[in-house]
Amino acid sequence: MDLSDEQRAFTAALAEFARRAAGTREQRGPSPHNQDLYQRMADLGWLGVAIPEEHGGAGGGMVDMCLFLEQLGHGMIPAGGFATSAIVAGAVERFGTDAQKKTVLGGTAGGRVYSIAMSEPGAGSDVAALSCRATAAPDGGYVVEGQKTWCSNAHIADAILLVARTGGSPGDHDGLTMFLVPAGAQGLRVSGIDTMGGREVNDLYFTGCRLPADAVVGQAGAGWKQLMAGLNLERLILAALMLGTARRAFDDTLAYIRERKQFGRPIGSFQVMRHRIADLATEIECCRLLVYDTAEKVDRDPGRVLPRESSMVKLKTTEVARETALAGMQMMGGYGYATEYDMEKHVRATLISTVYGGTSEIQRDIIGKTYGL
């Protein structure tokens, strides 16, 4: 890639920030999201990297976004709220009203967090099976009833992008609608789910939750088409973040095997280790090229949906990140399993990456369909 001087300076500043502000476990804290560090990045103008200037952002494109996300992952910066916020901001930028754009795009650039509520206990990969329903009320608003699950960052969000059914029956793609729901809305209860990564995801329970007419994002009943329009953004965001995490797991492994000695010499000098490192480095480089090639395609034609490329980049990068972290744990032996080192954290982060945002199996199915199968 031929980065501009501005882009090189941007990534260097991010790397230095990560070293100074998030270089130790104590600085990062126990949570996946450290709001103090997040606000510091907002104050530096970094969270608005791809948000239009008229809404307080830097006006960059997807390449700039991916550079930012890669550095977040590599620097282990605890900004867990950014990915979902960027995805919500992207949907609002494409389909929202001026008032919604001012709130969400400006809020994202300013350090606020947003969440998405799509999956349900009986609907994960099969989005058409959604049953949480928003019924039209006489005053023009809606009343929401139902449950959502696996909602990342809902417990720290200012608002939640809800995908609910306003028409049709479970199994139909038609009849889905996007809503912007304030986190403190009456009739909404947020309940945390304990995971390997800590408190990251939540169940949402809607009981007579009333929303005004202007809570609709885009067109009522057109939620499925609107979701499809955001595939490039969502999958690239997840891939770029995991590219950074894969690079960090690789770097941590390399540093360890250069220093660790067994049988009188560094274990990295053994052929089996050298070959494994060579394979991982090659795979990570393939991921890097795929991420930024896809990002450049999006920047050239922002309105074009790239189902094959976006699925490929999500599939390849998350699978390689998982492989890299697991290989790192194996090469570090017992120390890779110990919380004294970061490798066990890399393993936890990368294991789930092949599940959220569309499982690897779903990505493979989509790729196959693009070839007419």
Check your understanding: Transitively linked via ILVMFWY side-chain contacts under 4.5 Å: Val127 with Ile87?
Key ->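 Same cluster: Val127 reaches Ile87 through Ile, Leu, Val, Met, Phe, Trp or Tyr contacts under 4.5 Å.
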
Indicate yes or no: does [X] engage [Y] in a salt bridge with an N to O separation below 4.0 Å.
X: Asp365; Y: Lys369; result: yes
X: Glu283; Y: Lys316; result: yes
X: Asp252; Y: Lys345; result: no
X: Arg40; Y: Asp36; result: no

Review point. Just how far is it from atom NZ of Lys102 to atom CD of Glu54, taken to the nearest 0.5 Å?
Key: 13.0 Å

Can you tell me if [X] uses its side chain to pair, donor with acceptor, with the backbone of [Y] under 3.5 Å?
X: Thr354; Y: Thr350; answer: no
X: Lys314; Y: Gly358; answer: yes
X: Arg28; Y: Ala22; answer: yes

Check your understanding: Going by atom types alone, do Glu200 and Tyr356 pair a side-chain donor with an acceptor below 3.5 Å?
Key ->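 No pair is found: no donor N or O on one side chain lies under 3.5 Å from an acceptor on the other.
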
Check your understanding: Does any donor atom in the side chain of Arg235 or Ser311 lie under 3.5 Å from an acceptor atom in the other side chain?
Key ->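 Checked: Arg235/Ser311 side chains pair up, N/O donor to acceptor below 3.5 Å.
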
Check your understanding: Which residues pass the side chain to side chain donor-acceptor pair (under 3.5 Å) test with Asn153, sequence neighbours left out?
Key ->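 With sequence neighbours excluded, Asn153 shows a side chain to side chain donor-acceptor pair (under 3.5 Å) to Thr84, given in chain and number order.
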
Point to revise | Distance under 6.0 Å and angle within 45° of ring axis: Arg308 vs Tyr371 | key: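 Checked: cation-pi criterion met.
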
Distance-only check: which donor-acceptor pairs under 3.5 Å involve side-chain atoms of residues 171-189, not counting sequence neighbours?
| from | atom 1 | to | atom 2 | distance (Å) |
| --- | --- | --- | --- | --- |
| Asp172 | OD2 | Ser169 | N | 2.9 |
| Thr177 | OG1 | Thr166 | OG1 | 2.7 |
| Thr177 | OG1 | Gly221 | N | 2.7 |

Practice item. Could I get the full list of ring-ring contact (aromatic ring centres under 6.0 Å, His included) partners for Tyr335, not counting sequence neighbours? Key: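 Testing Tyr335 for ring-ring contact (aromatic ring centres under 6.0 Å, His included), a comparison that skips the adjacent residues, returns Tyr341.
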
